[in-house]
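Here is how names work: the chains are called A, B, and so on, in the same order as the sequence lines, proteins then strands, and each is numbered from 1.
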Amino acid sequence: MLDQILIQGFKQAFIDLYGEEPAENQIVFQKTRTEFEGDRTIVVFPFVKIVRKSPEVIADEIGNRMLHSVDIVERFNVVKGFLNILISDSYWITYFNQHYKNTRFGFKEIDNEAPIVVEYSSPNTNKPLHLGHVRNNLLGFSVSEILKANGHRVVKVNLVNDRGIHICKSMLAWQKWGENRTPENADIKGDKLVGEMYVRFDKELKSQLAQLVEEGVPENELLKKAPLMLEAQDMLQKWEAGDAQIRELWNTMNTWVYTGFDATYKRLGVDFDKIYYESETYLLGKDLVQEGLKQGVLFKKEDGSVWCDLTSDGLDEKLLLRADGTSVYMTQDLGTAEQRAGEYHPSKLIYVVGNEQNYHFDVLKLVLRKLKRDWADAIEHLSYGMVELPQGKMKSREGTVVDADELMDEMVLTAKTMTEELGKSTNLSEPEANKLYHQIGLGALKYFILKVDPKKTMMFNPQESVDFNGNTGPFIQYTHARINSLLRKAVELNIRFEDNQVVELLSKEKMLISQLYNFPSILADAGINRSPALVANYLYDLAKDFNQFYQEIPILKEENVINLNFRLLLCSFTQHVLQSASALLGMEMPEKM
RNA sequence: GGUCUCGUAGCUCAGUUGGAUAGAGCAACAGCCUUCUAAGCUGUGGGUCGAAGGUUCGAAUCCUUCCGGGAUCACCA
């Protein structure tokens, strides 16, 4: 590729001139800044010491040498210690000719190596999905798609947290105050109904607690004394014992929730290859603990509880089994990890989980290493930042969460309003229009969330965050639709465009090809860094470059047939890349908008 | 308090192995539709890259200290 050719050429020129081999890691070509002429730049400062000449002289000597020895070097110039190299049009054109027909440009073929398992979403079944889950789902989905594009086999899994005290709280509240409401008879989404019950429980519990405080119950005993908590605990025990009535209620309510979740997932455009349920996996991990005890890497305290000592790793002691022999979150995770490892023999086990659980995953890996699991290092916590609102963190109980369904409703509605204002909905049938609003609204949402570096905490302002102009999803979609319009017209005008014969490039044409050239390496980086943000930012750069090209250079109006032909091919190539890169973010491209 | 993490324009964000005068979008202001979709393009203004030291030819980027925000350190999940 381009950089390899330049590096090789630079190295040879250096040896020829100075009789010494330059350090490989010092030879780095970067993109030339726009204010200078050239495509690639190398900094020669590092070589000053070896050559003992001024940076300008070195750059000039090497530039001259490369001009003759490397045929893709068209011209060069030297500014201070920077050697700017202009690549010949023929290089770009050859590159273009080799790739523009490739509909899988930048994508690698799927290999037969061990798969990568990506766990994401992992909701609790006691409340509906909110904005935080939206970030998780979009990230998990997108990272999976990006890894596939990089040639990996990917298994997307979802571990649903369908049991535990929090579910019992919703169940109990429904028994007491649910008035036999069902999603059908109350015309409400199942996850919303169950969520309401959870909130109701919390409300009633609070008033009980307040009552207890008045009665003078000490703070640390409040939860142990509250009748509602005792009832919930009791219900959990009955659940664990397999009590038929409780199980039936549990089944019913969970089914409501799944129906609701499925609708949300579908609308969000995410999917899973396999769904696990914690009710089926929560007992896993106990064997591992026993094994650890035997090996002496875990220890038992007087009360019978089992711990792992991580103090030598800079962490604390960690509980793995309670005194009564029941397991905790960590125990289950050890078990499910072992299950996954056995089931898929994955090369990587990626968990898409918020950064509030960094500590948990550190511990998980350490314990597995102590247990001599050689796949422990395959575990990777894809830790993403929280989504904050202007008024601070989202809190379910304080009603400051942004509900996923409502958020999507709003986005789609805004898309509709915008489209109508722009007068672009007039020729559409109703189903077509609705599809378009969905594509635009969700495109805006997905792009907004995925363009931010996953690791970073991000701010979401419902009032003003999601825009449709500038660096946004609809901007990318609009660019795609524009190209589509051009190509459609070309067909109507019976313009055939097949093989390129252009030999010279205008500056915006070259800029566009050079941007397209970047895609494969961006995609590879996005895979390595698990970062959809790299793809999103690339899409913006590409769309921006295209719009500049479009603005400055006539396409259909071009009279020279060779140029016309070439520009249409360039448009079509750009469109392919916009489309396939957007798909990696789960963003659909409308034909018209 | 320990550990981790973040701090870049009024706001939201880029800036990945150290490189030239730190970039976009939004918001503000000024232009461009009888011409391929104006959800676009062009331009203006806006910065002590949290602060101070250090490393070096060169630091937003690496190191140290400090300031400020967040997360975490549960017999919760």
Side-chain angles (χ1 to χ4, degrees), chain A residues 25 28 30 32-33 35-36 41-43 45-46 48-49 55 79-82 84 122 124 161 163-166 278 282 301 303 305-307 314-316 318-324 326-330 332-333 354-360 362-363 383 385-386 388 390 392-393 415 418-419 421-422 424 440 444 448 451-453 455-461 464-479 481-487 489-490 493 525 528-529 531 533-534 536-537 540-541 543-544 546-548 550-558 567 571 592-593:
Chain A
N25 60 352
V28 178
Q30 51 195 298
T32 302
R33 293 180 69 105
E35 57 264 44
F36 304 103
T41 295
I42 185 162
V43 187
F45 283 109
V48 170
K49 274 184 190 160
V79 182
K80 292 193 271 182
F82 297 87
N84 302 320
S122 308
N124 291 345
N161 185 0
R163 51 132 252 138
I165 190 74
H166 50 287
E278 216 184 275
Y282 79 107
K301 286 196 177 175
D303 64 0
S305 57
V306 181
W307 298 72
L315 304 176
D316 300 318
K318 183 76 193 173
L319 177 88
L320 295 180
L321 274 185
R322 295 188 185 101
D324 63 8
T326 57
S327 50
V328 292
Y329 179 41
M330 182 60 69
Q332 300 173 38
D333 258 13
N355 61 15
E356 56 201 352
Q357 292 197 37
N358 287 353
Y359 181 79
H360 174 80
D362 286 347
V363 172
S383 163
M386 299 289 102
E388 281 185 6
K393 271 204 78 176
M418 287 284 286
T419 308
E421 269 175 24
L422 290 166
K424 296 192 178 192
I440 296 175
F448 180 82
K451 77 172 174 180
V452 180
D453 184 334
K455 291 194 300 289
K456 291 195 176 177
T457 302
M458 67 176 288
M459 173 62 70
F460 185 88
N461 185 337
E464 51 191 62
S465 269
V466 182
D467 217 318
F468 288 70
N469 299 313
N471 189 355
T472 66
F475 172 82
I476 317 282
Q477 293 172 321
Y478 177 71
T479 307
R482 253 184 164 179
I483 297 176
N484 212 51
S485 167
L486 279 172
L487 298 179
K489 285 205 168 126
L493 295 169
D525 275 0
I528 291 164
N529 295 308
S531 176
L534 296 178
N537 287 313
Y540 177 65
D541 289 338
K544 205 171 160 58
F546 178 82
N547 281 317
Q548 284 176 24
Y550 178 89
Q551 196 78 18
E552 197 171 294
I553 300 176
I555 299 164
L556 291 174
K557 286 178 296 183
E558 172 66 32
R567 285 172 200 165
C571 286
K592 288 185 193 175
M593 69 183 276

For A:Lys592, look at atom NZ and say whether over 12 heavy atoms of other residues, nucleotides or ligands are found less than 6.0 Å away.
-> no

Dot-bracket notation for RNA chain B, counting Watson-Crick and G-U pairs under 3.5 Å, with | for partners on another strand = (((((((..((((.....[...)))).(((((.......))))).....(((((..]....))))))))))))....

Who are the ring-ring contact (aromatic ring centres under 6.0 Å, His included) partners of A:Phe475, not counting sequence neighbours?
-> A:Tyr540

Please write out each protein N/O paired with an N/O of nucleotides 58-62 of chain B under 3.5 Å, distance rounded to 0.1 Å.
none

Whether A:Phe475 stacks on the six-membered ring of B:G40 base, 5.5 Å and 30° limits = no

At under 4.0 Å between heavy atoms, what does A:Asn25 touch on the DNA or RNA strands: base, sugar-phosphate, or nothing?
-> nothing

Whole Å only: how far is the CZ atom of A:Phe546 from the P atom of B:A39?
-> 15 Å

List, with names and distances, any nitrogen or oxygen atoms from the protein found under 3.5 Å away from nitrogen or oxygen atoms belonging to nucleotides 1-6 of chain B.
none

Who are the ring-ring contact (aromatic ring centres under 6.0 Å, His included) partners of A:Tyr282, not counting sequence neighbours?
-> A:Trp239

Could you tell me which residues satisfy ring-ring contact (aromatic ring centres under 6.0 Å, His included) with A:Tyr329, sequence neighbours excluded, listed by chain and number?
-> A:His360

Touch check for A:Val43, heavy atoms < 4.0 angstrom, all strands: base, sugar-phosphate only, or nothing?
-> base

Is any side-chain N or O of A:Asn469 closer than 4.0 Å to OP1 or OP2 of B:G25?
-> no

Remember a base hit wins even if backbone is also touched, and classify A:Pro55 as base, sugar-phosphate or nothing at under 4.0 Å, heavy atoms.
-> nothing

Same-atom distance (C1') from B:G70 to B:G50, integer angstrom | 15 Å

Can you check whether any acceptor in the base of B:A39 is under 3.5 Å from a donor in the side chain of A:Thr479, or vice versa?
-> no

ring-ring contact (aromatic ring centres under 6.0 Å, His included) involving A:Phe468 - partner list, sequence neighbours excluded = none

Roughly how many Å is it from NZ in A:Lys451 to C1' in B:G23, rounded to a whole number?
-> 14 Å

Would you indicate what A:Ile528 reaches in the nucleic acid, counting non-hydrogen atoms under 4.0 angstrom: base, sugar-phosphate, or nothing?
-> nothing

Taking the same atom, C1', in B:U21 and in B:C63, what whole-Å distance lies between them?
-> 27 Å

Looking only at non-hydrogen atoms, find the nearest pair between A:Asn161 and A:Asn124 and report the distance.
-> ND2-OD1, 2.8 Å

Rounded to the nearest Å, what distance is computed from the CD atom of residue A:Gln30 to the P atom of nucleotide B:G23?
-> 14 Å

For A:Val48, answer base if it contacts any base atom (sugar-phosphate contacts may also be present), sugar-phosphate if it contacts only those atoms, and nothing otherwise; contact means non-hydrogen atoms under 4.0 Å.
-> nothing

State the SG-OH distance between A:Cys571 and A:Tyr550, to the nearest 0.5 angstrom.
-> 9.0 Å

With the side chain of A:Lys80 defined as its heavy atoms from C-beta on, choose the nearest nucleotide among B:C41, B:C26, B:U21.
-> B:U21

Quantified in whole Å, what is the C1' atom distance between nucleotide B:G68 and nucleotide B:A52?
-> 15 Å

Expressed in whole Å, how much space separates the P atoms belonging to B:U12 and B:C75?
-> 37 Å

Can you measure from CZ (A:Arg322) to OG (A:Ser327) and round to the nearest 0.5 angstrom?
-> 7.0 Å

Across the strands shown, which category fits A:Asp333 at heavy-atom distances under 4.0 angstrom: base, sugar-phosphate, nothing?
-> nothing

For A:Ala415 and A:Asn537, take the nucleotide of RNA chain B holding the closest heavy atom to each; which residue's nucleotide lies nearer the 5' end?
-> A:Asn537

For B:A71 and B:U56, measure between their P atoms and round to the nearest Å.
-> 39 Å

Between protein and nucleic acid, restricted to nucleotides 74-77 of chain B and to nitrogen or oxygen atoms under 3.5 Å apart, what atom pairs and distances do you find?
{"unit_1": "B:C75", "atom_1": "N4", "unit_2": "A:Asp303", "atom_2": "OD2", "d": "2.5"}
{"unit_1": "B:C76", "atom_1": "OP2", "unit_2": "A:Arg322", "atom_2": "NE", "d": "3.2"}
{"unit_1": "B:C76", "atom_1": "OP2", "unit_2": "A:Arg322", "atom_2": "NH2", "d": "2.7"}
{"unit_1": "B:A77", "atom_1": "OP1", "unit_2": "A:Arg322", "atom_2": "NH2", "d": "3.4"}
{"unit_1": "B:A77", "atom_1": "OP2", "unit_2": "A:Tyr329", "atom_2": "N", "d": "3.4"}
{"unit_1": "B:A77", "atom_1": "O3'", "unit_2": "A:Asn161", "atom_2": "ND2", "d": "3.3"}
{"unit_1": "B:A77", "atom_1": "O3'", "unit_2": "A:Glu278", "atom_2": "OE2", "d": "3.2"}
{"unit_1": "B:A77", "atom_1": "O2'", "unit_2": "A:Asn161", "atom_2": "ND2", "d": "2.5"}

Given the C1' atoms of B:A60 and B:A22, what is the spacing between them in whole Å?
-> 8 Å

Under-3.5 Å donor-acceptor pair between A:Thr457 side chain and B:A71 base | no

By salt bridge (Lys or Arg N to Asp or Glu O under 4.0 Å), which residues pair with A:Glu388, not counting sequence neighbours?
-> none

Enter syn or anti for the glycosidic conformation of B:C73, syn applying to angles within 90° of 0.
-> anti

Who passes salt bridge (Lys or Arg N to Asp or Glu O under 4.0 Å) against A:Glu35, sequence neighbours left out?
-> A:Arg33

Between B:G19 and B:C67, how far apart are the C1' atoms? Round to whole Å, please.
-> 30 Å

How far, in whole Å, is B:G10 from B:C66 if one measures between their P atoms?
-> 28 Å

When you check every protein heavy atom under 4.0 Å of nucleotides 30-37 of chain B, what one-letter string (B, S, -) results, 5' to 3'?
-> -----BBB

For A:Lys455, all residues meeting salt bridge (Lys or Arg N to Asp or Glu O under 4.0 Å), sequence neighbours excluded | A:Asp453

Among the candidates B:A24, B:A39, B:A20, find the nucleotide nearest to the side-chain atoms of A:Val79.
-> B:A20

Closest to side chain of A:Thr419, choosing from B:A39, B:A20, B:U12 | B:A39

Can you tell me the distance, in whole Å, between the CD1 atom of A:Ile42 and the C1' atom of B:G18?
-> 15 Å

